[in-house]
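Notes follow the structure.
As the structure is a computational prediction, the values presented were derived from the model and not from experiment.
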Amino acid sequence: MKSYHWIMLLLAIALVVVSVRLASVSSTSPDDGGGNAADAVIDCIMTRTSVRSYTDRQVEDSIVNKILRAGMAAPTAANQQPWQFVVVTEQNLKDSITSAFEYTKMVEHCSFAVVVCGDMDNLFKGDMPDGGFWVEDCSAASENMLLAAHALGVGGVWCGIYPLKDRENRLREILSLPSNLTPLNVMAFGYPSQQAAPKDKWVPAKIHYNAF
């Protein structure tokens, strides 16, 4: 085969390779409107719902770690990161939480629970009143964990503790929390025993532009 034939063949192969690469990139582009990463994120947000019933299957350590990492990736005022996470896996502690709070019955049967606490020794100071932005920061971390769990096939539910002092004190005693930690919530996690349908919370009448 003459040399220019070889050149033409190589050019044709190169064009095929480039075309395949471009097709692969465009199929995952966030601008293509379907089946992409952006759609997956929105779908995760829109389909997440509270899950209170779990199978006996334990959530793998690698999945637990991903959920916790997602929590610490949350936005936080001045990057203060005023959170501490207490991961509860021991059955006797889960039973104690269930006994202490009527609305946490699901904790008894969950794979693990996470208690998100605000660290009062690590607050955003500035001109803020006592407490700073720890509630907002820890709430963002909690929502990150719930969304990450849903994306990984794990169900979760948020059970409120703060700002009711009686609840705070009972949970502080169960988990031997130091005085500088204020528990915001208890979140139970586990593989769902049944499919839960998300609620449609879209209410356009609650949206206002520029003024109420």
> Are Tyr191 and Tyr54 close enough that their ring centres sit under 6.0 Å apart?
Replying inline: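 Ring centres of Tyr54 and Tyr191 not closer than 6.0 Å.
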>> Is there a continuous path of hydrophobic side-chain contacts, each under 4.5 Å between heavy atoms, that joins Val186 to Leu68?
In response: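 Result: no, two separate clusters.
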> Under a 4.5 Å side-chain heavy-atom rule over Ile, Leu, Val, Met, Phe, Trp and Tyr, are Met145 and Trp83 clustered together?
Replying inline: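 Yes, Met145 and Trp83 fall within the same hydrophobic cluster.
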> Once the angle between the rings of Phe189 and Phe112 is folded into 0 to 90°, is it parallel (under 30°), tilted (30 to 60°) or perpendicular (over 60°)?
Replying inline: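 Because their plane-to-plane angle is under 30°, the rings of Phe189 and Phe112 count as parallel.
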>> Would you say that His150 contacts Leu152 through its side chain, given a criterion of any heavy-atom pair below 4.5 Å between the two side chains?
In response: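 Result no, sub-4.5 Å side-chain heavy-atom pair not found.
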>> Quick test of your reading: applying side chain to side chain donor-acceptor pair (under 3.5 Å), list the pairs with at least one residue in residues 197-212, sequence neighbours left out, ordered by first then second residue.
In response: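 The answer is none; no pair qualifies.
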>> Can you see whether Gln80 engages Asn122 through a side-chain donor-acceptor pair at a distance of less than 3.5 angstrom?
In response: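 Yes - a donor-acceptor pair under 3.5 Å links their side chains.
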Looking at [X] and [Y], would you say the former's side chain and the latter's main chain have a donor-acceptor pair under 3.5 Å?
| X | Y | result |
| --- | --- | --- |
| Gln91 | Glu108 | yes |
| Arg52 | Met106 | no |
| Asn185 | Tyr162 | no |

> In this structure, are over 12 heavy atoms from other groups packed under 6.0 Å from Asn92 atom CG?
Replying inline: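 Correct, the count exceeds 12.
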>> Would you say CD of Gln195 has more than 12 non-hydrogen atoms from neighbouring residues, nucleotides or ligands within 6.0 angstrom?
In response: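 Counting neighbours around CD of Gln195, 12 or fewer heavy atoms of other residues, nucleotides or ligands fall under 6.0 Å, so no.
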> Applying the side-chain hydrogen bond (donor to acceptor under 3.5 Å, both in side chains) test to Asn169, which of Arg167, Arg172, Lys165 qualifies?
Replying inline: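 The option that passes is Arg172.
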> Among Gln58, Glu60, Arg57, which one satisfies side-chain hydrogen bond (donor to acceptor under 3.5 Å, both in side chains) with Ser111?
Replying inline: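 Exactly one pass, corresponding to Gln58.
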> Per the side chain to side chain contact (heavy atoms under 4.5 Å, CB included) rule, which among Ile161, Val86, Thr182, Thr104 passes with Leu171?
Replying inline: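 The option that passes is Ile161.
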